[in-house]
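For the numbers below, each heavy atom of this structure counts, side chains included, while hydrogens, waters and symmetry mates do not. In this text the structure is predicted, and so the values were computed from the model without any measurement.
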Number of protein chains: 2
Amino acid sequence: MKKSNPSQSMVNQSIFDIFSDETISGVAYKNKALKRAIINHLDQTGNTTITDLAAALNISVPKTTSLINELIGDGLVKDQGKVDSKGGRRASLYGLVAESAFFMGVDVKHYYVNIGLLDFKKNLVTSEMHVPYQLANTQESFDQLIKIIQDFISNLPAATRNILAICMNLSGRVNSENGYSYSFFHFHEEPLSTTIEQITGIRTYLENDSRAMAYGEFHRGIVRDEKNVLFVNLDYGIGLGIMINGQIYRGKSGFAGEFGHIPLFTNEIICHCGKKGCLETEASGQALIRLFREKIAQGSSSSLLQHDKLPDPLHLSSIIAATRNEDVLCIELIAGIGEKIGRGISVLINIFNPELVILGGILSETDEYIRLPIRSALNKYSLSLVNNDTQLVMSRLQEKAGVIGGCLIARDKLLSFP
Amino acid sequence: MKKSNPSQSMVNQSIFDIFSDETISGVAYKNKALKRAIINHLDQTGNTTITDLAAALNISVPKTTSLINELIGDGLVKDQGKVDSKGGRRASLYGLVAESAFFMGVDVKHYYVNIGLLDFKKNLVTSEMHVPYQLANTQESFDQLIKIIQDFISNLPAATRNILAICMNLSGRVNSENGYSYSFFHFHEEPLSTTIEQITGIRTYLENDSRAMAYGEFHRGIVRDEKNVLFVNLDYGIGLGIMINGQIYRGKSGFAGEFGHIPLFTNEIICHCGKKGCLETEASGQALIRLFREKIAQGSSSSLLQHDKLPDPLHLSSIIAATRNEDVLCIELIAGIGEKIGRGISVLINIFNPELVILGGILSETDEYIRLPIRSALNKYSLSLVNNDTQLVMSRLQEKAGVIGGCLIARDKLLSFP
DNA sequence: TGAGTTAAATAAAATAATTTAAAAACTATT
DNA sequence: AATAGTTTTTAAATTATTTTATTTAACTCA
């Protein structure tokens, strides 16, 4: 798992040193562990004084001072000014150096890519949203994606170009432990992450799109102190990102969260997974488009009709826009879908008793049009004692959840943060 | 959270000292933390040499030696003999002292109580199974339960009587963090655990029955290296114990795992939870009894009929016994129930992608009669890629899962083991 | 059986960390 | 504006821990 980038700066080298897991002798090992703990603590709590750091990590002030000085020498920490005093000498605040490392998130959607860059202090430095792209399981589509990534990097100002890691979010089945993607770009023996690493020269991780969005929302979005959170990604399919005890839950092979394919209905619609009765067959964006077409064929009217014809292809975003413009048919259909999603989520609530359920993904942009039917389905279908515990909220990062989550995963995986 | 038992031995006192979380100064704190780490390590891996311990915990051999000697002085660790040498001086093995502390598990079922005692080394010292008892949500029933506990303790030989903690398993909604039970014995303002503590003088924890069984099965049962495991408790109701990353998952208020009440059917049967369509209405022991009665009323025959009449009350155990004796009606009904449970479990598999699903509880005693229909329902309803990851096995501890799990929870909570 | 080998346990030396004390920097008060 | 009161920072002294070296114990094989 070791990988050093000799071409890169001294700062990077010290990051790799501190976070490598080579076995070294007692004292040196402990110092490295302490440095890691300090970086971790600074990451969690922001700028901190030496006294606080010493108390938090149970090490003495002189020891803390010497470690901090080493980290300053490494270029990873710097003096960030003085604390406001309440009587007594003002303490120096120490914090991470934002520009000492950068991390990249690539959020691959059906018809576009969102791509962004995060610094060491978790600020989103740049992001390019909606870069046109057509996702398909072909070599051409993969090459196109690589080109988008490379263009993004080469357009970056020199100061932000030492990128330590990339995380790419893909829909479908992704094993983020070994870097295999099963639904897309599974062309070689080696894991997809390795292929990308070899092309870009940058350490690469893969993650399922819904999990990455959940992670972003968890760390930089709507979540405050909650530790058990579910993120429901309402898009063409239905995804689920599970955060348990503050960490992503992936299951044995990274296939956890296949919420869209739980057998909740007794219909005859064949899902693209091959089974019948999946939640997705009746409650996804895909289903919404199907239902919409059916209604139109039956003679219903909608603002989306132009000279009695529907745009082709009919994008989900059009239906969402129409809903927000109070198109009656769309509103009705969204309500119907919401009630079914709610029934699905009530299963989750009974099983997880979560603190928070976040509605994200493109369908969540219909806001209350979808939240209210979901909420009332929850009251109908889940145990009230359990349900009362659970808040149902809309995503705060919206379309940026994936990029930010991806960047954070790249960062936290590389630095082996919990 | 501190509680000292002045009446008890010096050994106990040192356990409380080592595991108390009072804030003490640097060196003393670190020594205490190291002692805790040593006990933890000995607990996980069994008897260990000083050299191995030093390597595992990254402390020097002399330091380890002095800590071990302190622990021996505390009566918590002892020399357990020498290791088999492969050339060279034979190392001393050190391990926990089994009789230095005891922990009690009380598994409360509908018509009986199982009760057991575990020593510091996780051996089940004694257990009394099937102590007759009638669970009801009344003060009398509670008093009766307390009497069973007190009788059990007073019948214990003197050497095993210093019990540090009790864990009581109750069905229904239990918050094991604060000790409240909502389904049973919720008579006072204070948590039920406190009430029991005051009566018995022993630190008491509560746990949901299915979770306790899952914990027992996880640590002393069928589970080997798996870390994400689901335990399905098939009894009068359907319970679920969720082990994630080797730890019990309880949800926000301890209500996680309400698997029996997921809305999987569109029937009109009112569940005892007040909702319609719950899994329990068609796939639980309760449902089995109902279906059995219906079949008999419709004229079906069964070996359980005596002079054309059914025993009253008709216990689940009778139906299970009949199934094992190849009663055709019972076998058919179990198969039907199994298929529905399987549909429920396939929801869990899609969501959790677990390594292992364990079937436990009294219904699991029908073995292959229930396992096979469940297995084939899983193939039918869950995604094959995800499903292939998951092993479906029967409980190994069977009826002892609850007691052993309870004892272990008492122990691990008191010692704040992970 | 005893020399040679291996590894654990212990002792001594060296290093490292904590503790205590003192100095420096700042606030509030008289 | 001087000074008492706080709190951080640095320095010195003390205590702890690790390293290294030595001794002890057990095994192997001629």
Side-chain angles (χ1 to χ4, degrees), chain A residues 18 22-39 41-42 45-74 77-95, chain B residues 18 22-39 41-42 45-74 77-95:
Chain A
I18 291 174
E22 52 180 324
T23 42
I24 46 172
S25 78
V27 167
Y29 170 85
K30 283 178 187 171
N31 281 338
K32 215 164 91 164
L34 284 174
K35 278 189 183 185
R36 234 178 341 215
I38 289 176
I39 291 179
H41 190 265
L42 293 178
T45 57
N47 299 344
T48 312
T49 67
I50 293 220
T51 319
D52 289 349
L53 214 45
L57 304 181
N58 275 294
I59 42 180
S60 69
V61 169
K63 178 68 185 164
T64 311
T65 309
S66 85
L67 288 169
I68 282 284
N69 286 334
E70 280 183 45
L71 285 167
I72 290 174
D74 291 338
V77 168
K78 71 175 183 195
D79 191 321
Q80 310 267 11
K82 300 245 183 275
V83 76
D84 290 346
S85 162
K86 50 244 166 271
R89 179 168 173 175
R90 295 171 64 191
S92 286
L93 279 169
Y94 296 92
Chain B
I18 292 174
E22 52 180 324
T23 41
I24 46 174
S25 78
V27 167
Y29 170 86
K30 281 177 189 173
N31 281 337
K32 215 163 89 166
L34 283 175
K35 279 189 182 186
R36 235 178 340 216
I38 288 177
I39 291 180
H41 190 266
L42 293 178
T45 57
N47 299 344
T48 313
T49 67
I50 291 210
T51 318
D52 288 349
L53 214 46
L57 304 181
N58 274 296
I59 43 180
S60 68
V61 169
K63 177 69 185 164
T64 311
T65 308
S66 85
L67 287 169
I68 282 284
N69 286 334
E70 280 184 46
L71 285 168
I72 291 174
D74 291 338
V77 167
K78 71 174 181 195
D79 190 322
Q80 311 267 11
K82 300 247 183 275
V83 76
D84 290 346
S85 162
K86 49 261 167 255
R89 180 170 173 174
R90 294 171 64 189
S92 285
L93 279 170
Y94 295 92

Nucleotides 28-30 of chain C: which of its N/O atoms have a protein N/O under 3.5 Å away?
none

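- Atoms OG1 and CD, on A:Thr48 and A:Gln80 in that order, are 10.0 Å from each other to the nearest 0.5 Å.
- Atom NZ in A:Lys82 sits roughly 17 Å away from atom P in D:dT7 (whole-Å rounding).
- For the pair B:Asp52 and A:Gly88, nearest-nucleotide mapping onto DNA chain C gives the more 5' position to B:Asp52.
- Distance check, rounded to the nearest 0.5 Å: NZ of B:Lys78 to CD1 of B:Ile72 gives 11.0 Å.
- Note that the OH atom of A:Tyr94 and the CG atom of A:Asn69 stand 6.5 Å from one another [nearest 0.5 Å].
- Comparing atom distances between the B:Thr65 side chain and each of D:dT8, C:dT10, D:dA26 picks out C:dT10 as nearest.
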- Task: Take nucleotides 19-24 of chain C nucleotide by nucleotide from the 5' end and write B, S or -, depending on whether a protein heavy atom sits under 4.0 Å from the base, only from the sugar-phosphate, or from neither.
- Result: B----B
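- Residue A:Ser92 is classed as a sugar-phosphate contact, given heavy-atom separations below 4.0 Å to backbone atoms only.
- If you take CD1 of A:Ile68 and P of D:dT9, they are 11 Å apart, rounded to a whole angstrom.
- Comparing A:Arg90 and A:Thr64 by the nucleotide of DNA chain C whose heavy atom lies nearest to each, the residue mapping closer to the 5' end is A:Thr64.
- Rounded to a whole Å, the CG atom of A:Asp79 is 14 Å from the P atom of C:dA25.
- Nucleic acid contact for B:Asn69: none, since no nucleic acid atom lies under 4.0 Å from a heavy atom of the residue.
- Scanning both residues, B:Lys35 and B:Leu67, for their nearest heavy atoms gives CG-CD2, 4.1 Å.
- If you measure from atom NZ of A:Lys30 to atom P of C:dA17, you get 9 Å, rounded to the nearest angstrom.
- Straight-line distance from the CG atom of B:Leu34 to the C1' atom of D:dT17: 11 Å, rounded to whole Å.
- Between B:Thr64 atom OG1 and B:Leu34 atom CG the span is 8.0 Å, to the nearest 0.5 Å.
- B:Asn31 comes within 4.0 angstrom of the backbone, heavy atoms only, and of no base.
- In this view, B:Lys32 satisfies the salt bridge (charged side-chain N to carboxylate O under 4.0 Å, His left out) rule with no residue, not counting sequence neighbours.
- For the pair A:Leu53 CG and D:dT8 P, the interatomic distance rounds to 13 Å; values are reported in whole Å.
- Remark: of the listed residues B:Ile68, B:Asp79, B:Asn47, B:Ile50, B:Asp79 is the sole one forming a side-chain contact (heavy atoms from CB on, under 4.5 Å) with B:Ser92.
- When side chains are defined from C-beta on, B:Leu71 counts as touching B:Ile18, because their heavy atoms get closer than 4.5 Å.
- Taking atom NZ of residue B:Lys63 and atom P of nucleotide C:dT18, one finds them 12 Å apart after rounding to whole Å.
- For the pair A:Asp84 CG and C:dT27 C1', the computed distance is 13 Å after rounding to whole Å.
- For the atom pair NZ (B:Lys30) and CD1 (A:Ile59), the distance works out to 7.0 Å, reported to the nearest 0.5 Å.
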